[in-house]
K.L.:
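Can you read through this structure? Questions will come right after.
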There are 2 protein chains.
Amino acid sequence: MRSRSERRLQLIEATIRCIAQHGLSATTMQLVTREAGLSLGIANLHFQSKENLLAETLRHVTREYNDGLLAILTPKNRSPDGSLAETLESLLDFQLSHGVTQRQKMAVWFAYYGEASARPIYQKICSSSDRLSMQKVEELFAAIISEGQYPDRDPQQLATGYLALIDGLWLSLLVAPRVLTKARGKDVARAYLQQAFPKHLH
Amino acid sequence: MRSRSERRLQLIEATIRCIAQHGLSATTMQLVTREAGLSLGIANLHFQSKENLLAETLRHVTREYNDGLLAILTPKNRSPDGSLAETLESLLDFQLSHGVTQRQKMAVWFAYYGEASARPIYQKICSSSDRLSMQKVEELFAAIISEGQYPDRDPQQLATGYLALIDGLWLSLLVAPRVLTKARGKDVARAYLQQAFPKHLH
DNA sequence: AATTAGTAAATGAACGTTCATTCATAGTGG
DNA sequence: CCACTATGAATGAACGTTCATTTACTAATT
């Protein structure tokens with residue numbers, strides 16, 4: 001017998017593996033609980049319903065990503081010694097790191113995005129996560145523009161473009177990993193940032 | 001009584017509406033056939049199975065998009081009077097046109113992308129469509145680079161980035177349409193192309 | 001022109017399967 | 001002994017698919 005939070009995490013991680021392997025629509029309670037090595041009824045005990053388990057799984061993946069992003073982009077964390085150029089490099093490293101771009105995570109991410117337009121709960125979680133990324137990246141870009149005295153740069157437009165580019169690269173990495181490698185994806189994203197902030201990236 | 005091809009189209013269009021409204025996992029044969037105003041058994045008569053109907057629906061949406069893209073990017077269609085700059089502008093207009101960026105189409109597109117990593121059939125259709133876009137855009141970019149004498153431009157890298165950017169913008173338009181408008185999305189994409197080919201876009 | 005036969009399209013009740021959920025029962029730690 | 005965790009057979013709803021039947025149209029025959 002394990003504690004409530006341990007079992008919850010165990011089930012969420014099993015759900016992630018199931019979604020990555022079988023897709024969201026083929027993920028059943030049988031599959032998830034068996035993957036977790038537990039009995040069928042356990043998921044309803046800890047999550048009340050399948051719908052809730054799926055929503056909590058999305059929240060878990062989203063929170064994990066946002067925590068990583070905030071660790072890099074929260075000003076108080078980077079002000080003492082880290083330069084803006086270093087922060088920019090860290091952001092790029094993080095977003096195309098092994099942890100973030102592993103198939104399992106990306107498959108889960110896009111499985112929920114695909115259903116988001118029909119399910120308000122997913123839509124809400126996804127869009128509020130997007131909003132946070134947008135806000136933080138925009139702040140960083142604004143600071144860089146200010147520091148670098150870049151003329152005619154719109155931080156909001158650049159942040160929108162950069163985040164869309166990252167999303168699109170993830171999608172390519174997921175659907176056609178043979179055409180686009182992670183290293184090449186990183187080059188593409190770096191090229192975008194170099195065009196935008198030539199003094200801050202080399 | 002209607003002909004085979006008419007009924008097939010009728011059912012595919014009903015499927016598109018159902019996926020957009022209810023999501024791929026909640027799209028049932030009941031829902032689709034009722035949406036089409038037909039009886040339950042009709043879909044199996046024309047498509048043999050639900051799986052096949054869904055695959056054909058994806059092929060239909062994909063083909064529609066590819067036809068539009070090829071009409072713009074096939075060299076023989078644009079050689080006589082159209083300049084490369086005009087082709088570039090047409091491409092941008094098309095990819096962020098009303099027809100392509102309507103919620104219904106984008107919702108369907110990403111619903112399949114979300115399941116693609118778990119279903120080989122979807123993966124194959126999506127990736128082969130992506131490959132076509134990539135090839136044609138790369139050809140255009142290579143011609144523009146050659147014409148504009150742009151130094152140090154890698155057509156493959158620019159095409160990868162541009163297509164990823166477009167995908168990411170579509171995703172933003174779908175999940176958070178209030179944050180990003182179509183007009184602003186177009187501005188972002190145009191800014192990318194201007195940075196890449198300043199002589200060809202103003 | 002009317003009748004018939006033949007072919008394909010269309011229907012929807014019925015079937016077997018699978019699913020999420022429930023709950024009586026059992027196990028465990030304090 | 002009590003509260004909490006865990007089990008998995010049982011349940012009923014919903015699903016994709018089938019198929020006997022009906023309908024609609026065409027073409028050949030009288």
Side-chain angles (χ1 to χ4, degrees), chain A residues 1-60 108 111-112 114-115 118-122, chain B residues 1-60 108 111-112 114-115 118-122:
Chain A
M1 281 170 104
R2 293 300 182 87
S3 76
R4 193 163 184 81
S5 62
E6 277 179 288
R7 281 276 182 263
R8 283 175 65 96
L9 185 61
Q10 186 179 359
L11 286 164
I12 285 175
E13 286 172 347
T15 305
I16 291 172
R17 289 194 296 275
C18 281
I19 293 173
Q21 193 172 351
H22 304 101
L24 194 53
S25 70
T27 292
T28 68
M29 296 301 253
Q30 280 262 10
L31 233 52
V32 170
T33 51
R34 192 177 299 169
E35 173 72 31
L38 297 168
S39 67
L40 181 57
I42 197 79
N44 282 73
L45 180 68
H46 289 288
F47 290 96
Q48 292 78 49
S49 69
K50 182 189 181 183
E51 196 176 280
N52 193 230
L53 169 62
L54 292 179
E56 287 298 322
T57 301
L58 176 56
R59 284 197 191 93
H60 180 266
V108 170
Y112 281 100
E115 288 283 287
R119 306 218 182 187
I121 302 166
Y122 300 168
Chain B
M1 278 170 107
R2 292 299 182 86
S3 76
R4 193 160 185 83
S5 62
E6 276 179 289
R7 279 280 182 259
R8 284 177 66 97
L9 186 61
Q10 187 179 357
L11 286 164
I12 284 174
E13 285 173 346
T15 304
I16 290 172
R17 288 193 298 274
C18 282
I19 293 174
Q21 192 171 353
H22 304 100
L24 194 53
S25 69
T27 292
T28 67
M29 296 299 254
Q30 280 261 8
L31 233 52
V32 170
T33 51
R34 192 177 299 168
E35 172 73 33
L38 297 168
S39 66
L40 181 56
I42 197 79
N44 283 74
L45 180 68
H46 290 287
F47 290 96
Q48 292 78 49
S49 70
K50 183 189 181 184
E51 197 176 278
N52 192 230
L53 168 63
L54 292 178
E56 287 298 322
T57 301
L58 176 56
R59 285 198 190 92
H60 180 265
V108 170
Y112 281 99
E115 288 282 288
R119 306 218 183 188
I121 303 166
Y122 299 168

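Atoms considered below: every heavy atom in the structure, side chains included; atoms not considered: hydrogens, waters and symmetry mates. Order of the sequence lines sets the chain letters (A, B, ...), proteins ahead of strands, with each chain counted from 1.
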K.L.:
Can any side-chain N or O of Tyr112(A) pair as donor or acceptor with the backbone N or O of Leu54(A) at less than 3.5 Å?
P.N.:
yes
K.L.:
Whether the Arg8(B) and Ser3(B) side chains hold a donor-acceptor pair (N or O, under 3.5 Å, no angle test) is what I'd like checked.
P.N.:
no
K.L.:
Provide, to the nearest angstrom, the distance between the CG atom belonging to Leu45(B) and the P atom belonging to dG12(C).
P.N.:
14 Å
K.L.:
What is the distance, rounded to the nearest whole Å, between atom CZ of Arg4(B) and atom P of dA9(C)?
P.N.:
6 Å
K.L.:
Look at all strands and tell whether Ser25(A) reaches a base, only sugar-phosphate, or nothing, counting heavy atoms closer than 4.0 Å.
P.N.:
nothing
K.L.:
Provide, to the nearest angstrom, the distance between the CG atom belonging to Leu38(B) and the C1' atom belonging to dG12(C).
P.N.:
13 Å
K.L.:
What is the distance, to the nearest angstrom, from the CZ atom on Arg2(B) to the P atom on dT11(C)?
P.N.:
12 Å
K.L.:
Let's see if you can work this out: which of dG12(C), dA6(D), dG16(D) has an atom nearest to the side-chain heavy atoms of Ser39(B)?
P.N.:
dG12(C)
K.L.:
The side chain of His46(B) lies closest to which of these nucleotides: dA10(C), dT17(D), dT22(C)?
P.N.:
dA10(C)
K.L.:
Once you round it to whole Å, what is the distance between C1' of dT21(C) and CD of Gln30(A)?
P.N.:
12 Å
K.L.:
For Ala36(A), is there any backbone N or O sitting under 3.5 Å from a side-chain donor or acceptor partner on Gln10(A)?
P.N.:
yes
K.L.:
Calculate the interatomic distance between Asn44(A) atom CG and dC19(C) atom P; express it in whole Å.
P.N.:
15 Å
K.L.:
Would you mind reporting whether Arg34(B) and Leu40(B) have side-chain heavy atoms less than 4.5 Å apart?
P.N.:
no
K.L.:
Is the shortest side-chain N/O distance from Arg7(A) to OP1 or OP2 of dA6(D) below 4.0 Å?
P.N.:
yes
K.L.:
Expressed in angstrom and rounded to an integer, what is the separation of Glu51(B) atom CD from dT17(D) atom P?
P.N.:
8 Å
K.L.:
Go through dA14(C), dT11(C), dA6(D) for me and flag the one nearest to the Leu40(B) side chain.
P.N.:
dA14(C)
K.L.:
Atom CG of Leu11(A) and atom C1' of dT5(D): how far apart are they, to the nearest Å?
P.N.:
13 Å
